[in-house]
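Just so it is clear, the values below take in all heavy atoms, side chains as well, and ignore hydrogens, waters and symmetry mates.
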Amino acid sequence: RRKSDDSVCGGAGRRWGMIRFFARRLLVMFVRLVLVAIILVIAIELGYGVLGNSDVHIWEVRFSDPVVPLSELSGDSTWEELVPLMKNSMLIVGLAWGTTLLVGYSWGILAARLRQFKGHHFLLVPWLVLASVPGFWWVIQVAIYSYFEWERPGFANEVVVESGPDLMQWWNAVVVAIPLGVLGISVQMRNVSDRIREEAGLPFVRGLHRAGYSNSDIFYKNILHRLTGELIRLSDETLPLILGGLIFVEVAFRFEGMGNFLIRSLQMSYFPGIFVTGIWMAGIIGLAALIREVIGHGLGDD
């Protein structure tokens, strides 16, 4: 009975510990967003007010004004029209980042596993070659081809799906996400493979070999088990890279999303658009970091 009581108390203690940890990390995320907002305000004022000699200052802007950069597309625009733009961009980020994690981890672990067969380089070469070519120029080539072959830049926006699943939207998002996924996969594979290979070169691995352990047991039950927390910490390192590339691919493909909205806001000196887009990107990065920290903490408790 004492053991049962101790286990119940221990479980309750772990739950409260997880709640306290989540609350602390949530507070840290909020503080980071506040700091990002302050940095954005300073950067906008320096860029337009000081360097650009603008007559309008950031503190004079009213966020209740219409969304000026979108008025070219749909007349009198409101802030509610940012919701579909966020959804479009989130779909691209989800596809690119999800593919990066799925392929980057699996191929990175496989490349590290095949290191003794000298075959891991063949797994890395295709992605490294694709990543060495700037994704922006690849997207520009696709945009030029679509302009001359389809006689329109970007996508056929007049195609509207009135009923059933909007497969056209998914197809457009997949095409836009391809260069971001290639870049993210190459970086993720290299980070995962290099970290596992560093761990495999430590003295304890040679000791396990001398003790008669098989290569698979050493790799999966020792090396990967020891690196679980560190590999989780690599999960969101490619997200800022993907969000940065999102700006270029959306503009090149004329895809209606937050990256395209940011460029329009910069061109028209629309301060609220710049500010909101920066906070949106910082919020995605902060949320991903929060999820990664909570998962890492939970595995550490186990």
Side-chain angles (χ1 to χ4, degrees), residues 12-49 57-65 67 69 78-98 100-101 180 184 187-188 191 228-247 250 257-263 265-266 270-302:
R14 284 192 295 270
R15 286 193 295 270
W16 278 110
M18 177 62 72
I19 293 174
R20 288 194 298 269
F21 178 82
F22 179 79
R24 289 196 301 267
R25 303 317 301 175
L26 193 62
L27 178 61
V28 170
M29 176 183 171
F30 176 77
V31 172
R32 288 174 179 172
L33 286 178
V34 172
L35 292 177
V36 169
I38 295 174
I39 294 173
L40 280 173
V41 170
I42 296 175
I44 293 173
E45 181 60 28
L46 287 176
Y48 287 94
H57 300 282
I58 183 66
W59 54 82
E60 298 174 350
V61 175
R62 293 183 304 171
F63 281 79
S64 59
D65 291 341
V67 183
T78 61
W79 282 104
E80 285 74 13
E81 294 192 14
L82 283 181
V83 175
L85 299 185
M86 291 182 182
K87 291 181 179 179
N88 293 341
S89 295
M90 285 300 298
L91 181 58
I92 297 176
V93 173
L95 290 172
W97 191 38
T100 295
L101 295 181
L180 301 179
V187 174
Q188 190 74 24
N191 292 342
T228 300
E230 294 191 33
L231 293 180
I232 290 177
R233 284 192 287 272
L234 297 176
S235 61
D236 60 336
E237 286 191 352
T238 56
L239 189 55
L241 186 66
I242 291 175
L243 287 173
L246 181 72
I247 301 172
E250 285 191 354
M258 295 301 291
N260 206 347
F261 175 65
L262 174 61
I263 296 300
S265 300
L266 290 171
Y270 188 62
F271 300 159
I274 302 172
F275 183 83
V276 170
T277 307
I279 293 296
W280 176 76
M281 291 186 175
I284 293 177
I285 296 174
L287 181 61
L290 176 65
I291 296 174
R292 182 252 303 165
E293 290 170 350
V294 170
I295 294 176
H297 183 76
L299 292 177
D301 286 343
D302 293 338

Return the minimal non-hydrogen interatomic distance between [X] and [Y], and the atom names on each side.
| X | Y | result |
| --- | --- | --- |
| Leu180 | Gly245 | CD2-C, 3.4 Å |
| Leu239 | Ile285 | CD2-CA, 4.1 Å |
| Val36 | Ala282 | CG1-CB, 3.7 Å |
| Met29 | Leu287 | CE-N, 3.6 Å |
| Ser265 | Gly273 | OG-CA, 3.5 Å |

Test item: [X] side-chain N/O and [Y] main-chain N/O as donor-acceptor pair under 3.5 Å:
| X | Y | answer |
| --- | --- | --- |
| Ser89 | Met86 | no |
| Gln188 | Leu234 | yes |
| Trp97 | Ser235 | yes |

Go through it in stages, so that I can follow the logic: the residues are Glu250 and Asn88, the test is side chain to side chain contact (heavy atoms under 4.5 Å, CB included), and I'd like the CA-CA distance, side-chain angles, deciding distance and then a yes or no.
CA-CA 10 Å; Glu250 285 191 354; Asn88 293 341; 5.8 Å; no

Listed partners of Glu237 passing salt bridge (charged side-chain N to carboxylate O under 4.0 Å, His left out), at least two apart
none

For Ile39, enumerate each residue passing the side-chain contact (heavy atoms from CB on, under 4.5 Å) test, keeping only those at least two apart in sequence or located in another chain.
none

If I take atom [atom1] from residue [X] and atom [atom2] from residue [Y], how far apart are they, to the nearest 0.5 angstrom?
| X | Y | atom1 | atom2 | answer |
| --- | --- | --- | --- | --- |
| Thr238 | Leu101 | OG1 | CG | 6.0 Å |
| Met281 | Leu243 | CE | CG | 5.5 Å |
| Ile295 | Ile291 | CD1 | CD1 | 6.5 Å |
| Arg233 | Leu231 | CZ | CG | 9.0 Å |
| Leu27 | Arg25 | CG | CZ | 9.5 Å |
| Leu33 | Leu40 | CG | CG | 10.5 Å |

Starting from the C-alpha separation in whole Å, work towards a yes-or-no answer on side chain to side chain contact (heavy atoms under 4.5 Å, CB included) for Lys87 and Leu91.
CA-CA 6 Å; Lys87 291 181 179 179; Leu91 181 58; over 6 Å; no

Verdict with supporting geometry, Ile263 and Leu266, side chain to side chain contact (heavy atoms under 4.5 Å, CB included):
CA-CA 5 Å; Ile263 296 300; Leu266 290 171; 4.3 Å; yes

